[in-house]
Number of protein chains: 2
Amino acid sequence: MIDTDIFKALADPTRRKVFEKLAGGSLNASALRDGLEISQPAMSQHLAVLRAAGLVREQRQGRFVNYEVDPDGIASIGTWLARYRAYWPKRIEALADLLKDMDQ
Amino acid sequence: MIDTDIFKALADPTRRKVFEKLAGGSLNASALRDGLEISQPAMSQHLAVLRAAGLVREQRQGRFVNYEVDPDGIASIGTWLARYRAYWPKRIEALADLLKDMDQ
DNA sequence: GCAACACATAAGTATGTGCTTATGTGTCGG
DNA sequence: CCGACACATAAGCACATACTTATGTGTTGC
């Protein structure tokens, strides 16, 4: 299950913080570290998990590796969530149609 | 973090299957078992996790306990996902406004 | 009342996860 | 070239998780 990897990846608070940082723009592994109190290997491992889940993608630039949000991961969550649209507040049932568009 | 509980709960494939079953309508713990090869205690424990995460709510009926999807849990995921709307396909950027409505 | 039922909880165990320290791989500047 | 740098990987360890078997709690029908 690809969903398993995605949800597992997001189940860790540190990884969600990293992901949120990347949502603000592309950053390399070192830049991602400051603010968060985390060792270099730990960050590297977290990024590997996010990458394997399809939530993040990397782009080598010399000796730096730039990470950015992978829209495919976000889209997967959207698709999963769309299956339960019956339980979203009624006001936004129009959402269903929009999500259907997204699947194509 | 409430998000941690939600993502952890959904990271388990069995729990996602249970949740999907409940999305089809309210069911008691025994009814949830058939189809899935899972012991009674294991199901009970999974339901406790889903309940603690706010994804599911229970309703005692005599000696049965009826479970159903809790819309609050679904809404929480929607709210989380809304923060990354910049990375959704452009076509559904209108989604952002709809999600904003949901927060109230 | 009491046996069968529906479910929860306790305790033990195997496996998974996230960290650590140590080391490896590739790149850059002088 | 070579030392400093940016990052990945390996191995070990503490703790969490998902299961098991056994037992507890409350409800129902006879």
Side-chain angles (χ1 to χ4, degrees), chain A residues 1-22 24-70 73, chain B residues 1-22 24-70 73:
Chain A
M1 287 277 198
I2 186 89
D3 287 338
T4 299
D5 292 331
I6 290 181
F7 286 126
K8 270 191 188 176
L10 294 173
D12 185 85
T14 302
R15 276 195 295 264
R16 282 204 310 284
K17 281 180 197 163
V18 168
F19 186 79
E20 187 158 7
K21 273 195 158 191
L22 288 175
S26 177
L27 287 173
N28 61 54
S30 295
L32 281 168
R33 282 185 62 204
D34 40 68
L36 310 178
E37 278 179 20
I38 190 173
S39 70
Q40 178 268 316
M43 175 59 77
S44 186
Q45 287 158 14
H46 280 310
L47 288 168
V49 171
L50 287 168
R51 191 185 176 289
L55 284 162
V56 147
R57 60 190 175 196
E58 64 184 50
Q59 202 173 348
R60 221 165 222 262
Q61 293 202 124
R63 57 179 160 172
F64 297 85
V65 178
N66 249 310
Y67 287 90
E68 61 184 357
V69 169
D70 187 340
Chain B
M1 285 279 196
I2 187 88
D3 286 338
T4 299
D5 292 331
I6 290 180
F7 286 125
K8 271 190 187 175
L10 294 174
D12 185 86
T14 302
R15 277 194 294 265
R16 282 204 311 284
K17 281 180 197 162
V18 169
F19 186 78
E20 188 159 5
K21 274 195 158 191
L22 288 175
S26 177
L27 287 174
N28 62 53
S30 294
L32 281 168
R33 283 184 62 202
D34 40 68
L36 310 178
E37 277 178 21
I38 189 172
S39 70
Q40 178 270 316
M43 175 59 77
S44 186
Q45 287 158 14
H46 279 310
L47 288 168
V49 171
L50 287 169
R51 191 185 176 288
L55 285 162
V56 147
R57 58 190 176 196
E58 65 184 48
Q59 201 174 347
R60 219 164 223 256
Q61 292 201 126
R63 57 179 159 172
F64 297 85
V65 178
N66 248 311
Y67 286 89
E68 61 184 357
V69 168
D70 187 339

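Side chains included, hydrogens not; waters and symmetry mates left out as well; all remaining heavy atoms used. Residue numbering restarts at 1 for every chain, and letters A, B, ... go by the order of the sequence lines.
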d(B/R60 CZ, B/N28 CG) to nearest 0.5 Å is 11.0 Å
What are the 5'-most and 3'-most nucleotides of DNA chain C lying under 4.0 Å from any heavy atom of chain A? C/dT17 to C/dC28
Grab the two heavy atoms, one from A/A31 and one from A/D34, that are nearest each other, plus how far apart they are. O-OD1, 3.1 Å
Got a sec, which residues hit side-chain hydrogen bond (donor to acceptor under 3.5 Å, both in side chains) with A/S39, two or more places apart in sequence or on another chain? none
Contacts to DNA chain C from residues 3-20 of chain B, heavy-atom cutoff under 4.0 Å, which residues? none
I'd like to know if the side chain of A/R57 reaches the main chain of A/E68, judged simply by a donor and an acceptor atom lying under 3.5 Å from each other, with no hydrogens or angles considered. no
What heavy-atom pair brings A/Y67 and A/L22 nearest, and what distance separates the two atoms? O-CD2, 3.3 Å
Restricting to ring pair (Phe, Tyr, Trp, His ring centres under 6.0 Å), what partner residues turn up for A/F7, sequence neighbours left out? A/W80
Looking at every heavy atom in both B/S26 and B/N66, which two are closest together, and how far apart are they? OG-OD1, 3.1 Å
Which atom of B/G73 lies closest to which atom of B/I6, heavy atoms considered: O-CD1, 4.1 Å
Rounded interatomic separation in angstrom, taking CD from B/Q40 and C1' from D/dT21: 12 Å
Rounded (10°) bend between the five-pair end axes of the helix from C/dG1-D/dC30 to C/dG30-D/dC1: 30°
In terms of heavy-atom contacts, B/L32 and B/K21 come closest through O-NZ, 3.3 Å
Need to verify one output field. Residue with the more 5' nearest nucleotide on DNA chain C, A/R63 or B/R63? B/R63
Keeping A/R16 on the side-chain end and A/L10 on the backbone end, is there a donor-acceptor pair under 3.5 Å? yes
Gap between atom CZ of A/R15 and atom OG1 of B/T4 - 0.5 Å precision: 10.5 Å
Given atom CG of B/N28 and atom C1' of D/dT28, what is their separation to the nearest angstrom? 15 Å
Without decimals, in angstroms, what is the distance between B/L36 CG and D/dC19 P? 11 Å
Near DNA chain C, under 4.0 Å by heavy atom, which residues of residues 42-60 of chain B? B/S44, B/Q45
Heavy-atom check, side chain of B/M43 versus side chain of B/L47, under 4.5 Å: yes
Could you check whether atom CZ of B/R33 has more than 12 heavy atoms from other residues, nucleotides or ligands sitting under 6.0 Å from it? yes
